[in-house]
**Q** 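Input: one structure, supplied below.
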Amino acid sequence: MSRRLPIFIVCVFIVLKAVTSYGYTFDSGTLRGRIIDGFGKPVSFADIEVTSNGSKHMATTDTSGNFSVTYSPGNIQLMAKKPEFVPLSYSFMVEVIDEIALDDITLWKVPPGGGLFFVGKDDYVKINEAKYDSESTSKEKRFYVKGTPTKINGNTLRIIDFQTDNPLVMGKSLYRVDKNGSVGSVVFYPSMKYALHKLDDTYSRVGDNVGLRVSELPPGKYFYCVGEMTIRSRNGGGFFFEVSS
């Protein structure tokens, strides 16, 4: 036989249920942001996934690249992805429940093939591959670059490395090339000194086998060497480009 609850108990239960449900909405906040590509253009229909405090929330960017997604306080894992783009994932901590505006998030579009690319205003410019060779005397071994450099305008360079076949993102050194095509030499005497025109640049990881390098370079020719130039290294390859003012 079914049991009927007194009407006032049913009403109290409904009120408590409503209060509980209403209170639950205050257990989460909102993350708002925008997805852009490497050229500053919005990325529409990218998938956003936020995992936090054992919960998972999904969203999709609109035609302007904007998104809004729910989060629970704690350690947050945010993933952004879209076909033909390098997926991005990073973690951060949010301990409050609020509406939080994130900085723009960049997704890098994958070019048709691997290689080294200059990030232009609207598209990638692939940097030519080149070889280096060496000539030795009794005093030194000098290294020369042979090939045609890719012409690049501007001083602040963003160079992105897509190594789809061979993950050599971390294995490149940037050298200045002099008017004779040389990147320097190894001097045998008296102390085996490496007199190479090696330059510093800033590297950041974008994704698996993908890295971004930023350099401030004056006009001239430059060579990204794959590998290392040493006393035992006779020849090898890399990427050759020329910066014009």
Side-chain angles (χ1 to χ4, degrees), residues 38-39 86 106 108 110-121 123-245:
F39 312 101
V86 179
T106 301
W108 292 91
V110 179
L116 203 67
F117 297 82
F118 166 64
V119 182
K121 182 179 179 181
D123 203 354
Y124 297 125
V125 177
K126 189 166 185 177
I127 299 176
N128 293 341
E129 295 187 38
K131 299 291 185 180
Y132 71 83
D133 204 343
S134 64
E135 295 179 2
S136 298
T137 67
S138 59
K139 295 182 179 180
E140 68 176 6
K141 173 179 279 190
R142 182 164 288 275
F143 297 92
Y144 294 93
V145 179
K146 298 181 178 180
T148 302
T150 300
K151 305 284 186 177
I152 296 175
N153 294 320
N155 301 111
T156 301
L157 305 179
R158 292 187 302 162
I159 297 174
I160 193 161
D161 189 348
F162 290 94
Q163 291 297 326
T164 58
D165 299 322
N166 196 8
L168 292 170
V169 172
M170 295 296 289
K172 293 182 176 63
S173 297
L174 179 62
Y175 296 98
R176 187 179 71 253
V177 181
D178 66 21
K179 61 181 181 180
N180 297 315
S182 171
V183 298
S185 63
V186 181
V187 181
F188 299 152
Y189 302 106
S191 60
M192 299 294 291
K193 180 181 178 182
Y194 286 77
L196 299 172
H197 310 318
K198 191 172 181 179
L199 302 173
D200 292 329
D201 59 351
T202 302
Y203 169 84
S204 60
R205 181 181 179 277
V206 174
D208 293 341
N209 303 343
V210 181
L212 180 69
R213 294 177 181 269
V214 180
S215 300
E216 293 278 349
L217 298 176
K221 294 181 180 180
Y222 299 90
F223 181 66
Y224 259 117
C225 178
V226 177
E228 241 185 323
M229 294 183 183
T230 67
I231 186 65
R232 295 183 178 86
S233 175
R234 170 175 166 73
N235 52 46
F239 300 90
F240 194 19
F241 62 94
E242 181 176 357
V243 176
S244 58
S245 56

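Owing to the predicted nature of the structure, the values given are computational and were not obtained by experimental measurement.
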**Q** Atom CD in Glu242, atom NZ in Lys151: separation rounded to 0.5 Å?
**A** 3.5 Å

**Q** Has the side chain of Lys193 got a donor or acceptor atom that lies under 3.5 Å from a matching backbone atom of Ser185?
**A** no

**Q** For Gly147 and Phe240, which heavy atoms make the closest approach, and how far apart are they?
**A** O-CE2, 3.5 Å

**Q** Measure the spacing between CZ of Arg142 and CG of Asn180 and express it to the nearest 0.5 Å.
**A** 8.0 Å

**Q** Heavy atoms only: give me the nearest Ala130-Val145 pair and the separation to one decimal.
**A** CB-CG1, 4.1 Å

**Q** Go through the steps for Tyr224 and Ile159 under the test side chain to side chain contact (heavy atoms under 4.5 Å, CB included), then give the verdict.
**A** CA-CA 11 Å; Tyr224 259 117; Ile159 297 174; 3.8 Å; yes

**Q** To the nearest 0.5 angstrom, please state how far the CG atom of Leu196 sits from the NZ atom of Lys198.
**A** 8.5 Å

**Q** Minimum heavy-atom separation for Thr150 and Asn128, please, with both atom names.
**A** OG1-N, 2.7 Å

**Q** Begin from the C-alpha positions of Tyr132 and Phe223 and carry the test side chain to side chain contact (heavy atoms under 4.5 Å, CB included) through to its verdict.
**A** CA-CA 9 Å; Tyr132 71 83; Phe223 181 66; 3.8 Å; yes

**Q** In Å and rounded to the nearest 0.5 Å, what is the CZ to CG distance from Arg213 to Asp161?
**A** 7.0 Å

**Q** Do Thr137 and Phe188 pass the side chain to side chain contact (heavy atoms under 4.5 Å, CB included) test, and can you show the C-alpha distance, the side-chain angles, and the key distance before you say yes or no?
**A** CA-CA 9 Å; Thr137 67; Phe188 299 152; 5.7 Å; no

**Q** For a quick test of reading the model, state the closest non-hydrogen atom pair linking Val210 to Val86 and the distance between them.
**A** CG2-CG2, 4.2 Å

**Q** For the pair Trp108 and Tyr124, name the ring-plane relationship: parallel under 30°, tilted 30 to 60°, perpendicular over 60°.
**A** parallel

**Q** Looking at Gly38, is its backbone amide N or carbonyl O close enough to the side chain of Arg158 to form a donor-acceptor pair, meaning the two atoms are under 3.5 Å apart?
**A** yes

**Q** Any side-chain heavy atom of Leu199 within less than 4.5 Å of one from Leu217?
**A** yes

**Q** Considering all heavy atoms of both residues, which atom of Ser244 and which atom of Asn153 are nearest to each other, and what is their separation?
**A** OG-OD1, 2.5 Å

**Q** Determine whether a donor-acceptor pair (N or O, by modelled atom type, separation under 3.5 Å) exists between the side chain of Ser215 and the backbone of Leu157.
**A** no

**Q** Check Ile127 against Phe239 and note the closest heavy-atom contact, atom names and distance.
**A** O-CD2, 3.7 Å

**Q** Please round to the nearest 0.5 Å and tell me the distance separating atom CG of Asp178 and atom NE2 of His197.
**A** 4.5 Å

**Q** Out of curiosity, Asp123 CG to Phe118 CZ, how far, rounded to the nearest 0.5 Å?
**A** 11.0 Å

**Q** Looking at Ser182 and Phe143, would you say the former's side chain and the latter's main chain have a donor-acceptor pair under 3.5 Å?
**A** yes

**Q** More than 12 heavy atoms of other residues, nucleotides or ligands under 6.0 Å from CG of Asp200: yes or no?
**A** no

**Q** Say whether, by atom type as modelled, one donor and one acceptor occur between the side chain of Lys141 and the main chain of Ile231 under 3.5 angstrom.
**A** yes

